[in-house]
A.B. asks: 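Before anything else, here's the structure in question.
In what follows, chains are A, B, ... by sequence order, proteins preceding strands, each numbered from 1.
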2 protein chains.
Amino acid sequence: MKPTDSHEDCRPVGEILHQIGGKWTVLIITRLGDGPKRFGELKRMVGGISQKVLTSTLRDLEMDGFVTRTVTPSIPPRVDYELTDLGRDLLVPLSAIGEWAIANRPRVLAARRQYLEDHPEAMPKRAAHVALMKQAAE
Amino acid sequence: MKPTDSHEDCRPVGEILHQIGGKWTVLIITRLGDGPKRFGELKRMVGGISQKVLTSTLRDLEMDGFVTRTVTPSIPPRVDYELTDLGRDLLVPLSAIGEWAIANRPRVLAARRQYLEDHPEAMPKRAAHVALMKQAAE
DNA sequence: CAGAATCCAACTGGATACTG
DNA sequence: CAGTATCCAGTTGGATTCTG
């Protein structure tokens, strides 16, 4: 599995990455890294995610075999999510990305500021930029 | 920079991850991993990407300081893209993800098949699923 | 509590045509 | 060759309301 070769298997890999690369996936998987969590617990921990999106993201993760969903039919109901072996496996490279993001956010923000200085006309054509720029302004 | 703590900096990290998690970002960065590439070269190597999307993704990466864009005003014009130090830095955790995806694609596909067996009514509510299922059927 | 169901605005990304 | 400029369909994701 050499890293710099393999021109053919780009697309299939892209599909998996796209799935993993969802805005919240990394956050959810890493939150589950230290044990099972209930739905509401996860929602609070991640923060800023709507239930609809959390629900469907968790469904995706369940579908891909990264998490298990355990329903306890009590009143009120209780649902726990937990990483599978595959999920814990994925957690390794994923948390590496997460830590990279935390560690290098300042560098990225600085690069964005620099870019805007050099290209004053650049202005946000993509939404993600706006969000990051707001952070850069802090 | 502990992995399992830090409830606060989830969102900011999410923004960076979202950026990185774009469908093509990982593919492009890893393709650039073994040296500078021209626009058309990249387009062929990645495969299946439109020039519009390739262009805007490259702009994003440039904006974030991951790649440099070098224009040689000849006829025909020539533009080279190359990883910056920050980009090469990012390449490390990113290619880990890429390799994970290649190595574990079968497991993910198997999980999807299993899921569909267990939940016959599940059927594609999200597009990404359709793509993966088509692959699963191969 | 955990979600399902709607409604709807915003963003993504593909196809096509044109330019220096 | 390497874009830029449109147009446009499909998806994502937020807010809100309702249910077992």
A.B. asks: Apply the test side chain to side chain contact (heavy atoms under 4.5 Å, CB included) to residues B/D118 and B/Q114: give CA-CA distance (whole Å), side-chain angles for both, the deciding distance (0.1 Å), then the verdict.
C.D. replies: CA-CA 6 Å; B/D118 300 347; B/Q114 185 61 50; 3.1 Å; yes
A.B. asks: For the residue pair B/R88 and B/D85, establish whether any side-chain heavy-atom pair is separated by less than 4.5 Å.
C.D. replies: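 Yes, close enough: below the 4.5 Å cut-off.
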A.B. asks: Do any pairs count as a salt bridge (charged side-chain N to carboxylate O under 4.0 Å, His left out) and have a residue in residues 67-78 of chain A, sequence neighbours left out, and if so which ones?
C.D. replies: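 Output for this query lists A/R78-A/D80.
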A.B. asks: Side-chain N or O of B/R59 less than 4.0 angstrom from OP1 or OP2 on D/dT4?
C.D. replies: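 It does, given that an N or O in the side chain of B/R59 lies less than 4.0 Å from OP1 or OP2 of D/dT4.
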A.B. asks: Is the phosphate of C/dA2 approached by A/R69 (side-chain N or O, under 4.0 Å from OP1 or OP2)?
C.D. replies: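 For A/R69, the contact criterion (side-chain N or O under 4.0 Å from OP1 or OP2 of C/dA2) is not met.
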A.B. asks: Report the residue from B/R44, B/M45, B/K37 that forms a side chain to side chain contact (heavy atoms under 4.5 Å, CB included) with B/R31.
C.D. replies: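 For B/R31, the side chain to side chain contact (heavy atoms under 4.5 Å, CB included) test succeeds with only one of B/R44, B/M45, B/K37, which is B/M45.
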A.B. asks: Identify the pairs formed between an N or O of the protein and an N or O of nucleotides 15-20 of chain C at a distance under 3.5 Å, and give each distance.
C.D. replies:
none

A.B. asks: For a side chain to side chain contact (heavy atoms under 4.5 Å, CB included) with A/L94, tell me which candidate from A/L27, A/I29, A/D89 qualifies.
C.D. replies: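 Single side chain to side chain contact (heavy atoms under 4.5 Å, CB included) partner of A/L94 among A/L27, A/I29, A/D89: A/I29.
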A.B. asks: Counting just side-chain N and O atoms, does B/R38 come under 4.0 Å of either OP1 or OP2 of D/dA2?
C.D. replies: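 True: B/R38 side-chain N/O within range (under 4.0 Å) of D/dA2 OP1/OP2.
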A.B. asks: Quickly work out the B/K37 NZ to D/dC1 P distance and round it to whole Å.
C.D. replies: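 It is 17 Å, rounded to the nearest whole Å.
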A.B. asks: Just how far is it from atom CD1 of B/I97 to atom CG of A/L90, taken to the nearest 0.5 Å?
C.D. replies: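 Separation between the atoms: 6.0 Å.
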A.B. asks: Can you tell me which nucleotide in D/dG14, D/dA2, C/dA2 comes closest to the side chain of A/F39?
C.D. replies: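 Closest of the options to the side chain of A/F39: C/dA2.
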